[in-house]
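Below is one structure, written out as structure tokens, with a few remarks after it.
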Amino acid sequence: MRILDKEIEIDYKNRINRVFEFIDENLGSDLSLSTVSEIAFFSPYHFHRVFKFITEETLNEYITRRRIEKSALELKHKTIGISEISTNCGFNDNSSFTRAFKKYYGVNPTEFRKQNPNRFSKIRQLESKNGQEYPDYEKYICIVNNHKKWTKMNANIEIKETPELSLAGVTHIGINGVENGFEKLIKWANSKALLKNPEAKIGRVFYDSIKVTAPDKVRMSIFLITNEPFEVEGEINKLTINKGKCIVGRFEITPNEFEKSWTGLFIWMNENGYKKSTENPFEIYHNDFREHPENKFIVDLYIPIE
């Protein structure tokens, strides 16, 4: 019975993964319960219960959060008008967008765009709850300058045209317990002898930004790059990263330096006049950090750009 329960759980997670993808691609469109439940092949009633069980959010809560977080990223990275951002993110009018945004961030979209962007980082909010103050503007500029210096010393940055990548992946939600996702993928890949190929690489793609999404809500896929055919099995699903232009930063870092590295790379992007595209950032690892003399990752961080 336990095996059957596990199989059902995996099936439900895979159906919800399809829903995540559909929502990501259609945030500006109709995302009613009846529309979305059809993607998962559930009745609306059953879908509502399953979605809440897996995500700990109702469908409406999840969609509203994703729309607001997408709008926050567009406010950070784009110069388009607030009305256009509101429409892009699926709000019917500016007033409903402003109310929802202010409820989530405490300020309206115009003030969010003007104010110190570090203030709204979900990591910074978490640290503030643990007794650390938000930095004032001068301290924030100092932090940015320190990031720039650190990135210059620790990264080799290039602009590259990246090919389409075929991936086998497993979804994970939240920054805690991420090692379980890696273990699932590696165990499956070893059972198929896929890691014996010297071109095989492990990586991670992020569907949310830790700068605007709470750490326990961040959704990602841990993936294996492989050109070898494979069948979808259990929680393993097929993914594709589209070809395109990327900022690629090569780092040699400890596990605790990933956030600093990503922040530094985004600062580099802004300083050099590039704009992030709608594609998702990702990482590709080139070693097993446990075999490194200093327990460091040799990793490429990719920011897709327009």
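As the structure is a prediction and not an experimental result, all values here were calculated from the model. Hydrogens, waters and symmetry mates play no part in the numbers below; they use all other heavy atoms, side chains included.
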What donor-acceptor contacts under 3.5 angstrom involve side-chain atoms of residues 178-186, with partners at least two apart or in another chain?
residue	atom	partner	partner atom	Å
Asn180	ND2	Gly177	O	3.4
Lys184	NZ	Glu235	OE1	3.4
Lys184	NZ	Glu235	OE2	3.1

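Using bins of under 30°, 30° to 60° and over 60° for the plane-to-plane angle, the ring pair Phe282/Tyr302 lands in the parallel bin. Classification of the Phe42-His46 ring pair by plane angle, with boundaries at 30° and 60°, yields perpendicular.
Taking the side chain as every heavy atom from C-beta outward, Ile284 and Phe223 approach each other to under 4.5 Å.
In this structure, Phe51 has its ring center closer than 6.0 angstrom to the ring center of Tyr62. Two rings, from Phe258 and Phe297, have their centers less than 6.0 Å apart.
A distance-only check finds a donor-acceptor pair linking the side chain of Asn287 to the backbone of Lys296 [under 3.5 Å]. Side-chain atoms of Lys276 come within 3.5 Å of backbone N or O of Glu279 as a donor-acceptor pair. In this structure a side-chain-to-backbone donor-acceptor pair under 3.5 Å is missing from Arg204 to Glu283.
Of the N and O atoms on the side chains of Glu69 and Tyr104, at least one donor lies less than 3.5 Å from an acceptor on the other residue. For the residue pair Asn108 / Thr98, no side-chain donor-acceptor distance below 3.5 Å is found, with atom types taken as modelled. At a cut-off of 3.5 Å, with distance as the only test, no side-chain donor of Tyr45 or Ser37 sits close to an acceptor on the other residue.
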